[in-house]
Protein chains: 2
Amino acid sequence: MKVPAHARAHKRQELSVLTRHLRGQSRKITGPRQAILEILRRHPHPMTNREIFAAMPKGRCDLATIYRAMHLLEEMGMVKRFDFGDGAARFELVGEGDDGHHHHLICTRCAGVVEIDECFLREIESRIAARNRFKAVTHKLEFFGICPACQR
Amino acid sequence: MKVPAHARAHKRQELSVLTRHLRGQSRKITGPRQAILEILRRHPHPMTNREIFAAMPKGRCDLATIYRAMHLLEEMGMVKRFDFGDGAARFELVGEGDDGHHHHLICTRCAGVVEIDECFLREIESRIAARNRFKAVTHKLEFFGICPACQR
DNA sequence: AAACAACTGCAATCGGCTTGCAATTGAGCG
DNA sequence: CGCTCAATTGCAAGCCGATTGCAGTTGTTT
């Protein structure tokens, strides 16, 4: 499964970005937070907190710390939360200037993930907003299917 | 928030449908199952198991029974599962001949639900399937926003 | 009416996630 | 550089949706 464009493009200076953003809010640049970003940077697809925890050099930090860090990073817009419907949140690094909005195609057999870079719903979104007089309409969309390997 | 077309159209003879379907699999037509369908029929929007439980005449059955029943009804295609991203599954009755596929517009303030009858993604779905050589591609899509009432 | 599989209630349990609290640590400052 | 204090962390307890093992109950079939 290929690495998507947005992964290639943006994932360089998370640390400096982190530093800048955190400093601006009098928050601290800590080991766990750096480690999490480092792990996410190396990983092409959304990860659960548990996966991040497992990827961390031998219990370098507590699982609760990861949960807390992900909330923080999400608030700061450095990370995007995805929901694959299996009850565990997944997170992906967001490149600078990118809003991180995209979708996934998930194999229901092996749980492999393909990123779908385009989003086709922007226009439909505003149509729906107008028609129902809603404001600030967003959407969550994921595709599911059976990947080539699992078809055999 | 209006009652959507598919709700008006199909929710009549669930009991006979239930009977037929269950008989075909040597399963039983029990009080709890009838009660659940009755409740879903009266309710225009997807319900959580807890809500179904609460709507049931004074602890008429156990919560675990509802969880089990919903799995069964889902397998039988009589009920459709939705995920609004708040960690609780929701279920909606599926009309006969209908596959129950549609989407929702959910208010992030008051949790009100509007059904979106159309689905715009069938074509995109097959494009994505072809492009990635996936089979049996489906999708989950929900819209979120702020409803008229909550905007004031 | 009997017989048996399906079903239910109950209680224990699981997994994701959150939280209170005491101990630790990073950042600004003298 | 070392001090100070708020931010952060680890730990353990706990919450909530959901699942499960088991013993007792019930629907269906004959």
Practice item. Using a 4.0 Å heavy-atom cut-off, write out nucleotides 20-30 of chain D from 5' to 3' as B (base contacted by protein), S (sugar-phosphate only) or - (no contact). Key: BB----BBSS-
**Study point:** Rounded distance [0.5 Å steps], NE2 in B:His103 versus CD1 in A:Ile128
**Key:**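 Spacing of NE2 (B:His103) from CD1 (A:Ile128) equals 8.5 Å.
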Exercise for review: Report the distance from atom CD1 of A:Ile106 to atom CD of A:Glu115, rounding to the nearest 0.5 Å.
Suggested key: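 Answer rounded to 0.5 Å: 9.5 Å.
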Round to a whole Å and report the spacing from [atom1] of [X] to [atom2] of [N].
X: B:Arg81; N: D:dG17; atom1: CZ; atom2: P; value: 14 Å
X: B:Ile66; N: D:dT19; atom1: CD1; atom2: P; value: 13 Å
X: A:Asp62; N: D:dA12; atom1: CG; atom2: P; value: 9 Å
X: B:His71; N: D:dG17; atom1: NE2; atom2: P; value: 15 Å
X: B:Ile52; N: D:dA18; atom1: CD1; atom2: P; value: 11 Å
X: B:Asn49; N: D:dT19; atom1: CG; atom2: C1'; value: 12 Å

Review point. Does A:Arg33 or B:Arg90 map to a spot on DNA chain D nearer the 5' end, using the closest nucleotide for each?
Key: A:Arg33
Residues [X], [Y]: salt bridge by 4.0 Å N-O rule:
X: B:Arg50; Y: B:Asp86; value: no
X: A:Glu118; Y: B:Arg131; value: yes
X: B:Glu75; Y: B:Arg68; value: no

Point to revise | Contacts of B:Glu74 that satisfy salt bridge (Lys or Arg N to Asp or Glu O under 4.0 Å) - sequence neighbours left out | key: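 With neighbours one apart ignored, the set is B:Arg81.
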Study note, to complete from the structure: Contacted region of DNA chain C by chain B, from 5' end to 3' end of the hits, cut-off under 4.0 Å to heavy atoms, spans C:dA5 to C:dC10
Exercise for review: Identify whether any heavy atom of A:Ala69 sits under 4.0 Å from a base atom; if not, whether one sits that close to sugar-phosphate; answer base, sugar-phosphate or nothing.
Suggested key: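 No contact.
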Exercise for review: Describe the nucleic acid contact of A:Arg60 in one word from base, sugar-phosphate, nothing, applying a heavy-atom distance below 4.0 Å.
Suggested key: sugar-phosphate
Review point. B:Met70 and side-chain contact (heavy atoms from CB on, under 4.5 Å): which partner among B:Thr65, B:Asn49, B:Thr48?
Key: B:Asn49
Check your understanding: Taking the six-membered ring for Trp, are B:Phe82 and B:His102 ring centroids under 6.0 Å apart?
Key -> yes
**Study point:** ring-ring contact (aromatic ring centres under 6.0 Å, His included) between A:His104 and B:His139, worked out
**Key:** CA-CA 10 Å; A:His104 300 90; B:His139 64 271; over 10 Å; no
